[in-house]
Amino acid sequence: MFAVIKTGGKQYRVAPDDVLEIGKIEGEVGTIVQLPEVLVVGGETPILGIPTVAGASVAAEVLDHKRGPKVIAFKKRRRKNSRRKRGYRDELTLVRVTEILTDNAKPTIGPRPKKVKAEAPAADAAE
C-alpha cells in the first residue's frame, strides 16, 4: 500500500517504513504526527482524492529536526561595482512513515523505542 501526500508545497509518494526529509513541521523528536493532506491512496483499488481523500491521513514518527545545505544567491552587475550575496539554509524535518490510515482512523503504532548503547565492561574489573 502507498499514498501520495502533500506537505510544504511538495508532493511525496510514501509507503510504510519510508524515511523522508520534508519541510519543517511541528512536533517533538520521537512523537507521532499525522499528515492529513492525502491525494492518493494506492493498493489493490486506488482511491483518488478530489482534491484530497476524505478521512485519510498518514502517521509518521519525527526522527530529527535539522537544516539543509547552504544555498548562496550571488548577483553581480558588471562594470557597476554592484554585488549582492545572500544565503539561506532550509529548515527540514526527518520523518519515518509508520502507517497509512483511512476512514478517520487513529494511529495504532507508537514511536519506536530508542536504542540503548551497550556499555563496554570496565578494564579495571578484569585485573
Side-chain angles (χ1 to χ4, degrees):
M1 177 177 243
F2 72 92
V4 176
I5 61 170
K6 179 180 174 184
T7 180
K10 298 178 184 175
Q11 297 176 7
Y12 302 92
R13 182 186 187 273
V14 298
D17 292 327
D18 281 355
V19 176
L20 299 172
E21 271 187 0
I22 61 176
K24 186 170 184 176
I25 58 174
E26 295 298 320
E28 295 293 321
V29 174
T31 60
I32 299 292
V33 294
Q34 281 189 298
L35 305 171
E37 288 194 73
V38 178
L39 306 175
V40 176
V41 175
E44 298 268 333
T45 57
I47 303 169
L48 301 175
I50 307 171
T52 60
V53 178
S57 64
V58 171
E61 177 186 2
V62 177
L63 300 177
D64 192 18
H65 293 293
K66 63 181 190 174
R67 297 180 75 190
K70 186 179 285 188
V71 177
I72 303 293
F74 183 78
K75 296 180 181 179
K76 179 176 189 277
R77 293 170 192 88
R78 62 184 186 158
R79 297 185 302 271
K80 306 283 192 246
N81 197 19
S82 170
R83 296 181 198 150
R84 179 182 201 148
K85 181 178 177 182
R86 295 182 60 201
Y88 71 95
R89 294 177 70 183
D90 285 331
E91 300 284 332
L92 301 173
T93 300
L94 192 68
V95 296
R96 177 186 293 118
V97 176
T98 56
E99 56 188 331
I100 298 169
L101 307 165
T102 55
D103 301 327
N104 292 325
K106 299 290 181 197
T108 58
I109 301 172
R112 293 184 182 181
K114 293 184 178 181
K115 294 181 180 177
V116 178
K117 293 183 180 179
E119 294 183 22
D124 303 336
E127 294 177 8

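Leu101 and Leu20 are members of different hydrophobic clusters when ILVMFWY side chains are connected at heavy-atom separations under 4.5 Å. Linking ILVMFWY residues whenever their side-chain heavy atoms come closer than 4.5 Å, directly or via other members, leaves Ile109 and Leu94 in distinct clusters. Hydrophobic cluster membership is shared by Val62 and Ile100, with clusters built from Ile, Leu, Val, Met, Phe, Trp and Tyr side chains linked at under 4.5 angstrom. Under a hydrophobic-cluster definition in which Ile, Leu, Val, Met, Phe, Trp and Tyr are linked whenever side-chain heavy atoms come within less than 4.5 Å, directly or via other members, Ile22 and Val38 are assigned to the same cluster. There is a path of hydrophobic side-chain contacts, each under 4.5 Å, that joins Val33 to Tyr12.
The two residues Val53 and Leu48 make their nearest non-hydrogen contact at CG2-C, 4.1 Å. In plain terms, the two heavy atoms of Ala60 and Val95 that are nearest each other are CB-CB, 4.1 Å. Nearest heavy-atom pair, Ser82 versus Arg77, reported as atom, atom and distance to 0.1 Å: OG-NH1, 2.9 Å. Scanning both residues, Ala3 and Val58, for their nearest heavy atoms gives CB-CG2, 4.2 Å. Heavy-atom minimum distance, Gln34 versus Ser57: NE2-OG, 3.2 Å. Smallest separation of non-hydrogen atoms from Ile32 and Ala59: CG2-CB, 4.1 Å.
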Applying side chain to side chain contact (heavy atoms under 4.5 Å, CB included) to Leu35 and Ile25, what does each step give before you reach the verdict? CA-CA 10 Å; Leu35 305 171; Ile25 58 174; 4.2 Å; yes
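Counting heavy atoms from C-beta outward, Leu39 and Thr52 have side chains that approach closer than 4.5 Å.
Considering only residues two or more places apart in sequence or on other chains, Lys66 meets the side-chain hydrogen bond (donor to acceptor under 3.5 Å, both in side chains) condition with Glu21. Residues forming a side-chain hydrogen bond (donor to acceptor under 3.5 Å, both in side chains) with Glu37 (at least two apart in sequence, or on another chain): none. Applying the side-chain hydrogen bond (donor to acceptor under 3.5 Å, both in side chains) rule to Thr7 yields no partners; only residues at least two apart in sequence or on another chain are considered. Under the rule for a side-chain hydrogen bond (donor to acceptor under 3.5 Å, both in side chains), Arg13 has no partner lying at least two apart in sequence or in another chain.
The salt bridge (charged side-chain N to carboxylate O under 4.0 Å, His left out) contacts involving residues 81-92 comprise Arg67-Glu91, where partners must be two or more places apart or lie in separate chains. Residue pairs meeting the side chain to side chain donor-acceptor pair (under 3.5 Å) criterion with at least one partner in residues 102-111, sequence neighbours excluded, are Glu99-Thr108.
Within a 6.0 Å radius of CD1 in Ile50, other residues, nucleotides and ligands contribute 12 heavy atoms or fewer.
The backbone N or O of Glu61 sits nowhere less than 3.5 Å from a side-chain atom of Thr98 that would complete a donor-acceptor pair.
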